[in-house]
**Student:** 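Right, I'll just put the structure down here and ask away after.
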Protein chains: 2
Amino acid sequence: MTKVAGKATLAMVAELAGVSSPTVSKVLNGRDDVAESTRTRVQEALATIGYESPVQRRVRAAGPPLVDFVCEGLSSAYAVEVLRGVVEHAADENIEIVLSQVSPELLRETDHEDWANRLVETGRKGLILVTSEMSEAQLLSFQRRNIPVVVIDPKSPLKDGVVSVGATNWAGGKAATDHLLGLGHSKIAYIGGPESAECHVARLHGYMAALRSNGIEIRPEYITGGGFKSDYGVTGLASFAALDDPPTAIFASSDSIAVGVIEEARRRGISIPGDLSLVGFDGTYLSRQTMPKLTTVAQPLGDMGRAALRSVLRLMAGDTLESHHVELATKLIVRDSTTAPRA
Amino acid sequence: MTKVAGKATLAMVAELAGVSSPTVSKVLNGRDDVAESTRTRVQEALATIGYESPVQRRVRAAGPPLVDFVCEGLSSAYAVEVLRGVVEHAADENIEIVLSQVSPELLRETDHEDWANRLVETGRKGLILVTSEMSEAQLLSFQRRNIPVVVIDPKSPLKDGVVSVGATNWAGGKAATDHLLGLGHSKIAYIGGPESAECHVARLHGYMAALRSNGIEIRPEYITGGGFKSDYGVTGLASFAALDDPPTAIFASSDSIAVGVIEEARRRGISIPGDLSLVGFDGTYLSRQTMPKLTTVAQPLGDMGRAALRSVLRLMAGDTLESHHVELATKLIVRDSTTAPRA
DNA sequence: CTGAAAGCGCTTACAG
DNA sequence: CTGAAAGCGCTTACAG
């Protein structure tokens with residue numbers, strides 16, 4: 001593996017492969033008038049020498065490598081805080097980040113091969129995804145072209161070989177519930193995200209594990225949800241309030257949901273934490289700005305972004321990662337929205 | 001204007017400009033051994049013919065144009081909201097945004113010519129700056145290479161020919177102060193940003209204009225500041241509280257400053273708006289999340305981002321802009337932090 | 001299917 | 001400061 005970067009010419013590759021320059025040129029340009037065996041030999045020579053076309057060389061010499069950050073937009077504090085981590089690490093590592101906003105629909109319509117080709121031709125060296133769904137075919141297109149992809153908090157489990165970074169959702173859900181149990185609550189409800197989201201499922205199971213290991217029965221009427229927006233907090237609290245035996249505490253699986261609970265509680269004259277204790281999840285700025293300040297399970301979003309970029313860089317360098325999925329620790333932050341239940 | 005894209009060669013440009021190919025090559029590569037008049041002639045020929053280097057051609061064929069967004073980081077809500085506008089407009093226009101985080105120091109150290117060359121060679125088509133200082137030499141380097149630059153809310157006035165987008169800071173400062181006057185306040189203080197910031201100066205003058213046209217004397221002890229962070233709100237309120245005749249209202253020239261005022265007021269048992277009315281500036285999420293909710297002068301940050309990108313695209317297309325500076329309207333948003341003074 | 005030869009577009013080194 | 005000449009690296013057209 002003798003890579004003399006910035007020096008390899010097409011003629012050198014030709015010599016190593018034992019063919020002429022025109023033949024190498026044909027292989028590079030994907031012409032089909034080349035014998036398959038010759039093509040293979042040339043491709044090996046290209047890899048051995050580490051050949052780069054003038055365009056690639058220029059782009060590389062001209063500036064830092066480009067890594068794409070693909071998200072559904074910057075309206076969620078979640079995406080912004082992950083991006084901040086990515087951008088800070090990028091500045092340290094002399095990498096530049098290309099920001100693409102992609103709707104899930106667009107993602108499904110886009111031709112995989114086209115997208116992957118474009119990435120290669122524009123010199124992108126890797127991809128960080130903060131967006132829901134990505135088809136297997138799409139991920140394969142990237143892999144075939146040796147473009148490293150790292151997914152942040154994937155909604156559903158990924159095939160082996162696709163790298164992802166997440167947070168310890170189960171442990172976070174358990175920590176939130178344990179905190180409420182520790183304060184003396186036993187009637188603890190849960191408002192969750194969409195069924196399809198792995199992270200919601202993990203948080204819910206953490207919640208249930210905490211209850212069970214304290215010998216507390218799980219009451220289906222205490223579990224509701226459907227999404228991470230604040231609406232679910234409003235409707236969730238409404239449904240709990242209608243019960244004969246309403247909960248004395250709620251674990252909301254996002255800070256947005258918790259904000260909805262706070263709004264609805266205010267409308268109903270329910271005092272937080274006096275009448276109802278509340279724990280959120282995410283730890284974005286939302287949780288710092290509510291009244292009362294929200295006890296929440298913080299995800300290390302910036303660190304997740306940093307870790308994702310670090311993995312992309314290691315994959316770019318040809319490293320093999322120890323694990324295709326990493327979970328960073330969540331952390332319970334106790335503020336003013338939780339207290340012991342009324343006697 | 002005969003643009004035969006994908007056909008123009010350097011030799012054609014040379015013929016049109018009446019020079020040799022090597023000379024055109026020098027201009028393209030930003031060499032300095034070219035007479036200024038020759039350079040101009042060649043640049044006109046380049047523009048007329050619509051010349052693209054092989055690299056640019058390849059990059060363009062491969063994907064959407066790249067525009068750089070340069071900021072000091074994503075920790076300010078200000079930068080994030082501008083960026084959101086840019087990214088949304090970029091998605092509509094099929095443009096991709098490269099996010100660069102640059103410290104002012106780094107900016108000063110970086111070699112202008114290197115940076116500009118890198119932009120051309122990596123196919124960047126324009127630049128949006130949300131960062132304080134940019135030397136005249138730097139801006140010249142961009143102009144020499146026909147890279148459109150748009151500055152968001154420049155700290156100091158720019159040379160003619162450099163395009164910028166801002167908000168009506170003077171009018172906003174006046175509107176904030178008029179609102180307080182309208183409620184019956186006459187002892188109105190101001191906490192401002194750094195002396196060097198144009199936008200602070202404009203807001204301060206708007207404040208003073210409102211007072212003067214109501215026949216109210218300007219009291220130097222009612223004017224303080226030094227930066228836009230919340231610390232200045234804390235120290236500002238402290239200094240006003242120490243006065244024999246403290247103000248009954250404060251106009252803070254950023255939401256962050258206002259947050260500092262709220263914190264310090266809480267510590268001192270000063271009720272807002274009961275004892276003290278407060279107006280902020282910016283209208284970022286901060287102003288929505290405070291307790292009480294903040295009356296503030298909103299800047300149309302997303303629209304400013306969109307306008308900046310639109311200007312870059314027009315300049316890329318060779319349009320001449322009507323004006324090298326545009327100010328978008330600010331808007332007073334009345335919430336819960338202002339009321340009539342105690343009798 | 002392959003490669004010697006010609007060609008293309010740009011850059012470099014240097015004489016004036 | 002400019003450009004004729006040489007050169008570089010790749011591609012194309014075509015003979016075998």
Side-chain angles (χ1 to χ4, degrees), chain A residues 2-62 120-121 123, chain B residues 2-62 113-114 116-123 140-141 144-146:
Chain A
T2 342
K3 297 203 182 185
V4 189
K7 290 223 141 197
T9 68
L10 192 142
M12 288 163 62
V13 177
E15 196 187 344
L16 179 63
V19 297
S20 70
S21 309
T23 302
V24 179
S25 174
K26 285 172 192 171
V27 172
L28 276 174
N29 295 296
R31 298 285 185 74
D32 56 8
D33 60 341
V34 180
E36 210 42 60
S37 63
T38 309
R39 184 187 301 278
T40 312
R41 206 145 28 90
V42 170
Q43 275 168 339
E44 277 163 10
L46 285 167
T48 306
I49 289 196
Y51 177 81
E52 283 181 320
S53 75
V55 182
Q56 292 176 311
R57 204 148 48 220
R58 266 300 260 285
V59 168
R60 187 170 56 77
V120 172
E121 279 163 25
Chain B
T2 343
K3 297 206 182 187
V4 190
K7 290 221 143 199
T9 68
L10 191 143
M12 290 163 61
V13 177
E15 196 187 344
L16 179 63
V19 298
S20 69
S21 311
T23 301
V24 179
S25 173
K26 285 173 192 171
V27 172
L28 276 174
N29 296 296
R31 298 285 186 76
D32 56 8
D33 59 341
V34 180
E36 211 41 60
S37 63
T38 310
R39 186 188 300 281
T40 313
R41 205 146 28 90
V42 170
Q43 274 170 339
E44 277 162 11
L46 286 167
T48 308
I49 290 196
Y51 177 82
E52 284 180 320
S53 73
V55 182
Q56 291 175 311
R57 209 148 42 221
R58 267 293 264 286
V59 168
R60 186 171 56 77
E113 303 296 331
D114 280 359
N117 276 335
R118 242 175 25 223
L119 290 178
V120 173
E121 282 165 19
T122 51
L140 270 173
S141 305
R144 266 211 305 280
R145 288 171 186 75
N146 282 317

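In what follows, every chain begins at residue 1, and chains take the letters A, B, ... in the order their sequences are listed.
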**Student:** Taking side-chain hydrogen bond (donor to acceptor under 3.5 Å, both in side chains) as the test, write out the residues that go with B/Thr9, two or more places apart.
**Tutor:** none
**Student:** Of all of residues 33-46 of chain B, which get a heavy atom below 4.0 angstrom from DNA chain C, listed by number?
**Tutor:** none
**Student:** Figure out the CG/P separation between A/Leu10 and D/dC8, and round it to whole Å.
**Tutor:** 15 Å
**Student:** Counting side-chain heavy atoms from CB outward, which of D/dT2, C/dT11, D/dT11 is closest to A/Ser21?
**Tutor:** D/dT11
**Student:** Does a nitrogen or oxygen in the side chain of B/Tyr51 sit under 4.0 Å from OP1 or OP2 of C/dG9?
**Tutor:** no
**Student:** With respect to the side chain of B/Ser25, which nucleotide from C/dT12, D/dG3, C/dG3 is positioned closest?
**Tutor:** C/dT12
**Student:** Step by step, work out the side chain to side chain contact (heavy atoms under 4.5 Å, CB included) result for B/Ser21 and B/Val24.
**Tutor:** CA-CA 5 Å; B/Ser21 311; B/Val24 179; 5.6 Å; no
**Student:** For B/Lys26 and D/dC1, give me the distance from atom NZ to atom C1', rounded to whole Å.
**Tutor:** 7 Å
**Student:** Could you pull out all residues at least two apart from A/Arg39 that satisfy side chain to side chain contact (heavy atoms under 4.5 Å, CB included)?
**Tutor:** A/Val27, A/Val34, A/Glu36, A/Gln43
**Student:** Whole-Å distance between D/dT2 P and B/Leu28 CG?
**Tutor:** 15 Å
**Student:** Both distances under 3.5 Å, Watson-Crick or G-U wobble: on that basis, could you give the dot-bracket string for DNA chain C, with [ ] for crossing pairs and | for other-strand partners?
**Tutor:** |||.||||||||.|||
**Student:** Could you tell me which residues satisfy side chain to side chain contact (heavy atoms under 4.5 Å, CB included) with A/Leu16, sequence neighbours excluded, listed by chain and number?
**Tutor:** A/Ala45, A/Thr48, A/Ile49
**Student:** Calculate the interatomic distance between A/Glu15 atom CD and C/dG3 atom C1'; express it in whole Å.
**Tutor:** 15 Å
**Student:** Would you list the pairs meeting salt bridge (charged side-chain N to carboxylate O under 4.0 Å, His left out) in which at least one residue belongs to residues 14-30 of chain B, sequence neighbours left out?
**Tutor:** B/Lys26-B/Asp33
**Student:** Indicate, with a heavy-atom threshold strictly under 4.0 Å, whether A/Val24 touches base, sugar-phosphate, or nothing.
**Tutor:** nothing
**Student:** With rounding to the nearest 0.5 angstrom, report the OH to CG distance, A/Tyr51 to A/Leu46.
**Tutor:** 8.0 Å
